[in-house]
Amino acid sequence: MAIVLFTDFGSRDLYLGQVKAVLARDAPGVAVIDLLNDAPAFNVSAAAHLLASLVPTFPQGSVFLSVVDPGVGGAREPVALRAQGYRFVGPDNGLLSVFAARAAFPEAYRIAWKPEGLSSSFHGRDLFAPVAARIEMDSVPQGWLVPLERLSVGFGAGDLAEIIYVDHYGNAMTGLRAEAVRRDAVLIANGSQIKHAPIFSAVPPGAVFWYPNSQGLIEIAVNQGNAAADLQLEIGEPVRWVD
Amino acid sequence: MAIVLFTDFGSRDLYLGQVKAVLARDAPGVAVIDLLNDAPAFNVSAAAHLLASLVPTFPQGSVFLSVVDPGVGGAREPVALRAQGYRFVGPDNGLLSVFAARAAFPEAYRIAWKPEGLSSSFHGRDLFAPVAARIEMDSVPQGWLVPLERLSVGFGAGDLAEIIYVDHYGNAMTGLRAEAVRRDAVLIANGSQIKHAPIFSAVPPGAVFWYPNSQGLIEIAVNQGNAAADLQLEIGEPVRWVD
Amino acid sequence: MAIVLFTDFGSRDLYLGQVKAVLARDAPGVAVIDLLNDAPAFNVSAAAHLLASLVPTFPQGSVFLSVVDPGVGGAREPVALRAQGYRFVGPDNGLLSVFAARAAFPEAYRIAWKPEGLSSSFHGRDLFAPVAARIEMDSVPQGWLVPLERLSVGFGAGDLAEIIYVDHYGNAMTGLRAEAVRRDAVLIANGSQIKHAPIFSAVPPGAVFWYPNSQGLIEIAVNQGNAAADLQLEIGEPVRWVD
């Protein structure tokens, strides 16, 4: 299996390499896959819905090192989660809660272990990476994980009727899962009315449409164009639909 | 050997990790090298010339997962190519055609296999990655690849007298191969006249020059400066030279 | 161990993949970790102080392929360094000198080997990568490394009272090590007076503070905000403090 990174540490920045050095030390030879390291930094609910949509594109058994953590160094606890055959570590701030709420029989744990020399600002390197490595290696020392009744922050199992991600092409993903919306529904975002099309090449260049994307989310796009720029869509923008 | 990624999926975005999960599943233990994931998204001929210049910097046997594919989900076919000891998968939209046209005895194949659950928008993950993995492992199932007479879109073997790439320093690469241009030629791009110098440190800081770059292409640069910004050069800008 | 990349080659650009192809060929199976590939391109002293702060976050034995090299193709020599159990290759332009000056008994070497077909502009791929691979494999051929009395450019062992890095959150790192500054000192940068706080969550959202970061450097930050934008801080901006 692999350790999968879903963080806001920045794909260009100097933090990921430090995390990977810990993973190479504690889980040598294990594949480490960068899923997203520019996750929405201050919008934990958007990140939680995005993560929940992406997990099923990975094989069961994968360990997600998941850190979007504006409260690092504060009171929130570090947690681990097992759900639907996947494993997770991350802050108990809601980030893991959407996937957990949609799963049957999720098991949550508080990470009770504290490393010597824990920095106040970089738990991804000092705390989450060593725990993720041991979970992947099936070698978590006794006492490191303490069962929890439930996660302390929960966003629920439902959809999020907002823009939750804008990709580098300008496609704007919503937190609406594709099965929730009928094909003849009209989506409304920032005052624009948007109709369904099956795929980019089904509409003329420059035309806006929505379609069920490859993660199973409703996505707003423009054929050979930038939907987020054209419609002025940002993460957090509400969306709704009319049948 | 390795699987080499040359795509427009975005180095910061959430698509590459999904592709790499498929490669880790289907070609476990094989090295995956990111060559370029911010290839020109809507300029397939520029991308084709750039790819052709980069392939020889990799060892023969490498498998290039090559996707710049604005027509995904439309009528273009997925293809594989063997040429000069290298292997490729990608869309049949011209992207592989420049390398193929310059090679002796290129062999092209249509990818006849269609995965269950093929998404309409992410063939890189669902179709090209599984095929690239099997080509690298020398385990392509019978019937997956059907010989083609030739690729259906071809940009030819010649040079492209345009800017085809701007790097993060602002150096502007042309589609002209170094052997095509005499050292005393003057290059003309967007109204500027540019003379040859052997290397950055041969001209004063801030001075513009052209030189044969480490990929064998004519490149326009400024010593300790940004040529693309200074001369307002973008991908697609025509260049010419006078001897 | 691993080969660690600290360069200005650009995390999104087409240079790193070419370097990694050489490393995969010459040190097959060795882990390659991207530490930072957007290091300050034209500020070698800032890059040198940043590198010195980051090395100890990696295990001893790591080999740092370190290239910030605006003078490539000119007169500067390529060098290797062994210090504190770490190994380095890079240009002899000061980049390795801060770590060397702080180490006991650093050993410097001139790289005497010149590859056939050395490009004038891409020594990272053609020269430094093959040497780094052989150092990691403990298989450096006789004659490749020639002992030097000392590096020819040295920035010294002291701190650098400047901004040396701005991360993607906008946190501004200084070249001041945390032990140099008392907790009640007031930092002054670009006219702003900045007080200490232990961590982000100890101040209100939007408030600026300084704290010792996870690399042991004094860093200027804003809780849930962008310090570099708010205070207009760039790499090279002087900082000072008053007790």
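Every chain is numbered from 1, with letters handed out A, B, ... down the list of sequences.
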Around [X], counting heavy atoms of other residues, nucleotides and ligands shown, do more than 12 lie under 6.0 Å from its [atom1]?
X        : atom1 : result
A/Gln60  : CD    : yes
B/Glu77  : CD    : yes
A/Gln84  : CD    : yes
A/Arg183 : CZ    : yes

Identify the two heavy atoms, one from [X] and one from [Y], that lie closest to each other, and give their separation to 0.1 Å.
X        : Y        : value
B/Phe122 : A/Ser214 : CD2-OG, 3.5 Å
B/Ala24  : A/Ile33  : CB-CD1, 4.3 Å
A/His168 : B/Phe9   : CE1-O, 2.9 Å

> Who in residues 195-213 of chain A is close to chain B, using a strict under-4.5 Å heavy-atom cut-off?
Replying inline: A/Pro198, A/Ile199, A/Phe200, A/Ser201, A/Tyr211
>> For residues 125-152 of chain B, which residue pairs pass the ring pair (Phe, Tyr, Trp, His ring centres under 6.0 Å) check, not counting sequence neighbours?
In response: B/Trp113-B/Trp144
>> Checking A/Gln18 now: which residues fulfil side chain to side chain donor-acceptor pair (under 3.5 Å) with it, not counting sequence neighbours?
In response: A/Arg125
> chain A: which of B/Pro28, B/Ser120, B/Ser119 shares the most heavy-atom pairs with it under 4.5 Å?
Replying inline: B/Ser120
> For chain A, which of B/Ala75, B/Gly29, B/Gly10 has the most heavy-atom pairs under 4.5 Å?
Replying inline: B/Gly10
> With a 4.5 Å heavy-atom cut-off, do B/Leu14 and A/Leu50 have their side chains touching?
Replying inline: yes
> Which pairs with one or both residues in residues 3-19 of chain B pass salt bridge (Lys or Arg N to Asp or Glu O under 4.0 Å), sequence neighbours excluded?
Replying inline: A/Asp38-B/Arg12
>> Could you measure the distance from the OH atom of B/Tyr15 to the CG atom of A/Leu36? Nearest 0.5 Å is fine.
In response: 10.0 Å
>> Using 0.5 Å steps for rounding, measure from the NZ atom of B/Lys20 to the CZ atom of A/Phe58.
In response: 10.5 Å
> Side chain, backbone, both or neither: which part of A/Leu54 has an atom under 4.5 Å from a heavy atom of chain B?
Replying inline: side chain
> Measuring heavy-atom distances to chain B, does A/Asp167 have an atom under 4.5 Å in its side chain, in its backbone, in both, or in neither?
Replying inline: both
